[in-house]
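To start, the structure itself, in structure tokens.
Numbering of ligands and ligand atoms starts at 1, following listing order.
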Amino acid sequence: MTFFLETNIYQFFGRFHAMLVHLPIGFIILAVFFELLSLKKKVDLNLAISYAFLAGALSGVFSVLLGLMLASDGGYNEATLNIHKWTGIVMTLITFLLFFIKRKQKTVLWTQKSYPVLVFVVVSLLFVAGHNGGNLTHGSDYLLEHAPNPIRTLAGMKPIRERITDLDKALVYEDVIHPIFESKCNVCHNNDKAKGDLLLTDEESILNGGKNGKVIVSGNANESELYRRVTLSPTHKEFMPTEGRTPLTNEETMLVQWWIDEGAPFDKKVVELNLTDRIKAYLRDVGIGLKKTFIESLDLKEVDDKVIASIRAEGFKIKTVSGNSTLLEVTYSSYNKEPLTANKLDVLLKAKTNIIWLDFSGVPIQEDLVSKLGQLENLVALRMSNANLTDTGVKAFESLKHLEYLNLYGNPISDASLQSLQKLKGLQKLYLWKTNVSDTGLKSLKDSLEEATIISGL
Ligand code: HEC
């Protein structure tokens with residue numbers, strides 16, 4: 001039977017435990033459900049209930065056997081494993097008892113009294129066994145991993161620290177290496193399941209190493225067991241992660257190597273280590289040091305509610321661009337009966353730093369008022385189609401350095417505006433359809449605004 005010698009037959013069957021355990025759970029819940037149903041509807045489901053318990057008990061026996069095989073592999077938290085094992089075994093025994101009681105309920109008196117108590121005990125054990133089983137499989141942080149911080153604190157867990165992605169501030173272990181271990185290694189190397197007796201969850205455990213000793217030789221990745229394991233051929237039986245889990249990307253591997261070669265520090269900033277351009281590129285790949293967009297880099301105070309209310313009172317629609325952002329979008333509807341006045345715009349300008357989107361489509365605006373819009377220094381998108389804009393008006397936009405989107409559709413503007421438009425180097429989209437800008441004018445504009453798509457209807 002060389003077939004069996006080569007493989008670990010215990011492990012082969014053991015792995016089916018996690019699948020089979022759902023059967024007794026299902027049968028027991030079904031029995032309880034029938035019990036409640038028969039109470040309410042006054043139907044006799046006793047036979048069905050007794051057989052549901054029997055099926056639960058029998059599948060329970062198989063689950064226990066497979067579970068014991070799986071546990072023989074080791075690497076599980078002993079306390080959690082013991083609770084899980086014994087609740088599972090006791091639960092199975094009581095389920096057998098429930099089957100017998102249910103069959104004899106009408107004849108033997110003592111069983112009638114103990115029955116509801118035992119049902120309650122079995123269901124409670126079910127939760128305990130299930131929860132501990134979940135912890136063994138996924139780690140005890142699994143259930144509350146994405147819980148809000150107040151709930152985590154109540155459960156005695158560390159609050160989630162927001163990952164710093166700013167290159168100048170990011171910490172090399174907390175923000176670069178730890179997230180890699182968390183996502184790729186720690187399903188198997190955590191408190192409840194320390195495969196190879198190795199935990200990769202915190203500084204102390206990582207430095208302690210695994211069953212074969214240290215896994216990191218500070219300053220020398222090539223001598224480090226951890227680095228060796230992730231750089232073996234994926235088909236090698238010592239390759240990490242095992243079991244076909246997603247391996248480290250090339251960039252992640254290089255970052256781990258860099259971190260170890262740099263002395264495997266746990267509290268240094270990324271910038272305190274030797275940073276080459278290549279390492280910077282790898283860091284960008286894991287989200288550190290990406291260039292922020294202009295909007296992301298804006299860090300503004302919220303506009304006072306009273307100011308917002310006064311702007312609304314002038315007929316503007318004003319709201320935040322998303323949930324709890326401090327940035328604002330403003331619309332003045334073309335259905336508004338009152339024309340835009342200097343006074344209205346002055347009220348609007350009280351929120352000028354926070355306004356990033358402005359929509360005045362179809363709202364005629366006087367030439368001398370347009371100049372006020374030039375004060376919206378953080379404006380990113382401006383819609384002013386059919387607004388009777390003139391070339392003099394467009395001059396005011398020269399100061400809108402961050403404008404990315406500009407819609408001037410249907411305005412009587414000419415080549416005289418091109419000089420101003422050319423200065424808007426951040427433009428990505430410019431609508432000039434139905435204006436008096438000439439074809440040659442458009443061509444020269446396209447040459448000077450290389451990044452922008454110009455929509456002209458041609
Ligand atoms: C699917 C489970 C699983 C995942 C995921 C996993 N490992 Fe392992 N790891 C094991 C098992 C099982 C062992 C023990 C058997 C062995 O040494 O190969 C082990 C052992 C190790 C050892 C040797 C410890 C010692 O002292 O013998 C190192 C180092 C290691 N793993 C690193 C990693 C790293 C780094 C990752 C993430 C890239 C990772 N592992 C992901 C299951 C896993």
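Residue Ile180 does not touch ligand 1, judged by heavy-atom distances below 4.0 Å. Contacts between Lys237 and ligand 1, counted as non-hydrogen atom pairs separated by less than 4.0 Å, are absent for every part of the residue. Residue Arg245 touches ligand 1 through its side chain alone, judged by heavy-atom distances below 4.0 Å.
Atom 43 (C) of ligand 1 has Cys188 CB, 3.3 Å as its closest protein atom, hydrogens excluded (heavy atom only). Scanning the protein heavy atoms around atom 22 (C) of ligand 1, the nearest turns out to be Leu198 CD2, 3.8 Å. Of the protein's heavy atoms, Arg229 NH2, 3.5 Å lies nearest to atom 23 (C) of ligand 1. In this structure, the protein non-hydrogen atom closest to atom 15 (C) of ligand 1 is Lys211 NZ, 4.1 Å.
Every atom of ligand 1 is numbered from 1 in the order shown, and the set under 4.0 Å from a heavy atom of Leu200 is 34 (C), 35 (C). Of all the atoms in ligand 1, the ones that sit under 4.0 Å from a non-hydrogen atom of Met240 are 6 (C), 7 (N), 8 (Fe), 9 (N), 10 (C), 13 (C), 18 (O), 19 (C), 20 (C), 21 (C), 30 (C), 31 (N), 32 (C), 33 (C), 34 (C), 36 (C), 39 (C), 40 (N), 41 (C), 43 (C). Atoms of ligand 1 found under 4.0 Å from any heavy atom of Val215 (numbered from 1 in listed order, with element): 29 (C). Within the listing of ligand 1, atoms 35 (C), 38 (C) sit less than 4.0 angstrom from a heavy atom of Val230.
When the heavy-atom distances from atom 37 (C) of ligand 1 to Gly244, Ala194, Ser183, Cys185 are ranked, the shortest goes to Cys185. Ranked by closest heavy atom to atom 26 (O) of ligand 1, the top entry among Ile206, Asn208, Asn212 is Asn212.
Ser233 contributes a side-chain N or O that, together with a main-chain N or O of Thr235, makes up a donor-acceptor pair within less than 3.5 Å.
Checked against a 3.5 angstrom limit, the closest N/O atoms of Thr242 and ligand 1 fall outside it.
Two rings, from Tyr431 and Tyr409, have their centers 6.0 Å or more apart. A centroid separation of less than 6.0 Å is found between the aromatic rings of Trp259 and Phe266.
A cation-pi arrangement is found for Arg383 relative to Tyr405, the charged atom lying closer than 6.0 Å to the ring centre and inside a 45° cone about the ring normal.
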